[in-house]
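Everything below concerns the one structure shown next.
Worth knowing before you read on, the calculation uses all heavy atoms, side chains too, and leaves out hydrogens, waters and symmetry mates. This chain uses plain numbering: 1 for the first residue, then up along the sequence.
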Amino acid sequence: MCEINVMEAVRDIRFLHSEALLAVAQNRWLHIYDNQGIELHCIRRCDRVTRLEFLPFHFLLATASETGFLTYLDVSVGKIVAALNARAGRLSVMTQNPYNAVIHLGHSNGTVSLWSPAVKDPLAKILCHRGGVRAVAVDSTGTHMATSGLDHQLKIFDLRGTFQPLSTRTLPQGAGHLAFSQRGLLAAGMGDVVNIWAGQGKASPPSLEQTYLTHRLSGHVHGLQFCPFEDVLGVGHSGGVTSMLVPGAAEPNFDGLESNPYRSRKQRQEWEVKALLEKVPADLICLDPRALAEVDVISLEQEKKERIERLGYDPEAKAPFQPRPKQKGRSSTASLVKRKRKVMDEEHRDKVRQSLEQQLQKQEKAAKPMGVWPSALDRFVR
């Protein structure tokens, strides 16, 4: 489509929300070009950038620099949302979690830190290696993370709250590049060799015991990435570019409303407007996106307490029973008091019955021995 010479070194490059715009991390500043090679913007606040990542649902461009800053740029309005100091020196290893849009940074002290633009400090720090981290990759489901370090070890971690290593493998050479496919295959570039490990399925981690494929190239590997919806692995090396066929790597069925590789220009324009209207705010990026739909019980209780103190009474409290008046002289004072007392006795009886049932359940749990498997006949016990 185009070919331009920027007259300086290019460290990283990323497409933005569509193929019509791309961000280029050049030797000094960050530049934005269109698909015809015309320079649209030069962001001088993002200087000496080493790595780029784009968050498609938030329209955020994350940049890691030599000075140790992680910067979030909102490309829809052209403003910097957050500039976070990682305090770990040069940042040269970065990837994103496609499940929750959390940025993973690898550091020279062997740790991987997880970042969100809403918090100034890292959400979590994971000690992965005894040496510096060389590469980090997260699978499409956001449950597993693969890391490689200077200690020649390749590890797969569980990101579902435990952050513990699931499997470890010592390699003859340290893996400098890692990539996950859509179906959970893991590719690692080590020198001039590319190894691929496969798992049991999309949600299971790849097994590091036996390699699925091994391929030797004509030069040292400089980068690799799986092609979406195609069983192809693109590898860049010192001798050029190689396209490897990896059976079972990509997702065979795509959702045309989510990502249509055959969309027309009109469809792309309509999708772009819809994506801008549905843009997710940067403040909602967190480790567990499901927590956003939960009810904040503590805040609700505090708000209810303040409302009672302000009004002097509880407006949601159950109103006392008031008997309806009856005709033909049957609404005497004695009959009204008798009906009120009857309702109060019934409510008291229900409370006592519930408390007795709870005490019986506690006694049954305490009497039941620990470690005994339940029997199929327990369902008939009352």
Side-chain angles (χ1 to χ4, degrees), residues 6 8-17 21-33 41-75 78-98 100-129 131-138 142 145-150 159 175-180 222-225 236 282 285 287:
V6 297
E8 57 182 349
V10 175
R11 298 180 177 179
D12 201 0
I13 186 168
R14 277 290 182 277
F15 280 105
L16 299 186
H17 57 277
L21 295 174
L22 62 151
V24 180
Q26 296 178 199
N27 190 29
R28 193 169 182 185
W29 295 312
L30 177 66
H31 296 260
I32 308 294
Y33 297 91
H41 302 285
C42 176
I43 298 113
R44 300 194 178 188
R45 289 190 61 183
C46 301
D47 58 335
R48 291 188 286 175
V49 176
T50 57
R51 294 298 302 272
L52 296 172
E53 284 291 341
F54 183 71
L55 310 179
F57 297 104
H58 305 77
F59 281 79
L60 292 178
L61 180 64
T63 65
S65 65
E66 291 182 354
T67 56
F69 276 87
L70 174 63
T71 307
Y72 288 87
L73 174 67
D74 192 342
V75 299
K79 292 184 179 180
I80 291 181
V81 175
L84 310 175
N85 188 1
R87 298 182 179 88
R90 174 188 170 95
L91 301 178
S92 58
V93 178
M94 180 174 69
T95 189
Q96 65 165 309
N97 189 336
N100 53 17
V102 172
I103 294 295
H104 294 231
L105 294 177
H107 306 293
S108 58
N109 57 359
T111 61
V112 174
S113 57
L114 281 60
W115 294 85
S116 168
V119 185
K120 293 184 178 180
D121 296 324
L123 301 176
K125 278 189 176 182
I126 310 170
L127 181 59
C128 300
H129 299 277
V133 179
R134 296 188 62 188
V136 178
V138 182
M145 176 183 69
T147 62
S148 64
L150 293 175
L159 296 179
H177 305 278
L178 297 174
F180 273 101
H222 292 295
L224 46 87
Q225 189 67 43
I285 297 178
L287 281 178

Separation between [atom1] of [X] and [atom2] of [Y], rounded to the nearest 0.5 Å:
X	Y	atom1	atom2	value
R45	F69	CZ	CZ	10.5 Å
H41	L30	NE2	CG	10.5 Å
N109	L127	CG	CG	8.0 Å
H104	L123	NE2	CG	9.0 Å
D12	S92	CG	OG	11.5 Å
R51	Q96	CZ	CD	11.0 Å

Would you say the side-chain atoms of [X] pair up with the backbone N or O of [Y], donor to acceptor, closer than 3.5 Å?
X	Y	value
R48	E66	no
T111	K125	no
T50	A64	yes
N100	L287	yes

[X] side chain near [Y] side chain, heavy-atom distance below 4.5 Å:
X	Y	value
V102	I285	yes
H107	V133	no
V49	R11	no
L55	I103	yes
T71	I80	yes
M145	V136	yes
L73	T63	no

Any idea which heavy atoms bring [X] and [Y] closest together, and the distance?
X	Y	answer
T95	V138	CG2-CG2, 4.2 Å
P122	S113	CB-CB, 4.1 Å
G176	A135	O-CB, 3.6 Å
S108	A88	OG-O, 4.4 Å
A137	F180	O-CE1, 3.6 Å
L16	A23	CD2-CB, 4.1 Å

- Message: Can you list everything that forms a ring pair (Phe, Tyr, Trp, His ring centres under 6.0 Å) with H222? Sequence neighbours excluded, please.
- Response: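 Once residues adjacent in sequence are excluded, the partners of H222 under the ring pair (Phe, Tyr, Trp, His ring centres under 6.0 Å) criterion are H220.
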
- Criterion side chain to side chain contact (heavy atoms under 4.5 Å, CB included) on H58 and V81, from CA distance to verdict: CA-CA 11 Å; H58 305 77; V81 175; over 6 Å; no

- Item | Residues forming a salt bridge (Lys or Arg N to Asp or Glu O under 4.0 Å) with R28, sequence neighbours excluded | none

- Salt-bridge present (D74, K79; N to O < 4.0 Å):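 Answer for the salt bridge query: no.
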
- In this structure, which one of V112, I126, V93 forms a side-chain contact (heavy atoms from CB on, under 4.5 Å) with T147? V112

- Task: Kindly assign one of parallel, tilted or perpendicular to the pair F59 and F54, based on the angle between their ring planes and the thresholds 30° and 60°.
- Result: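 Because their plane-to-plane angle is over 60°, the rings of F59 and F54 count as perpendicular.
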
- Query: Would you call the rings of Y33 and H31 parallel, tilted or perpendicular, where under 30° means parallel and over 60° means perpendicular?
  - Reply: parallel

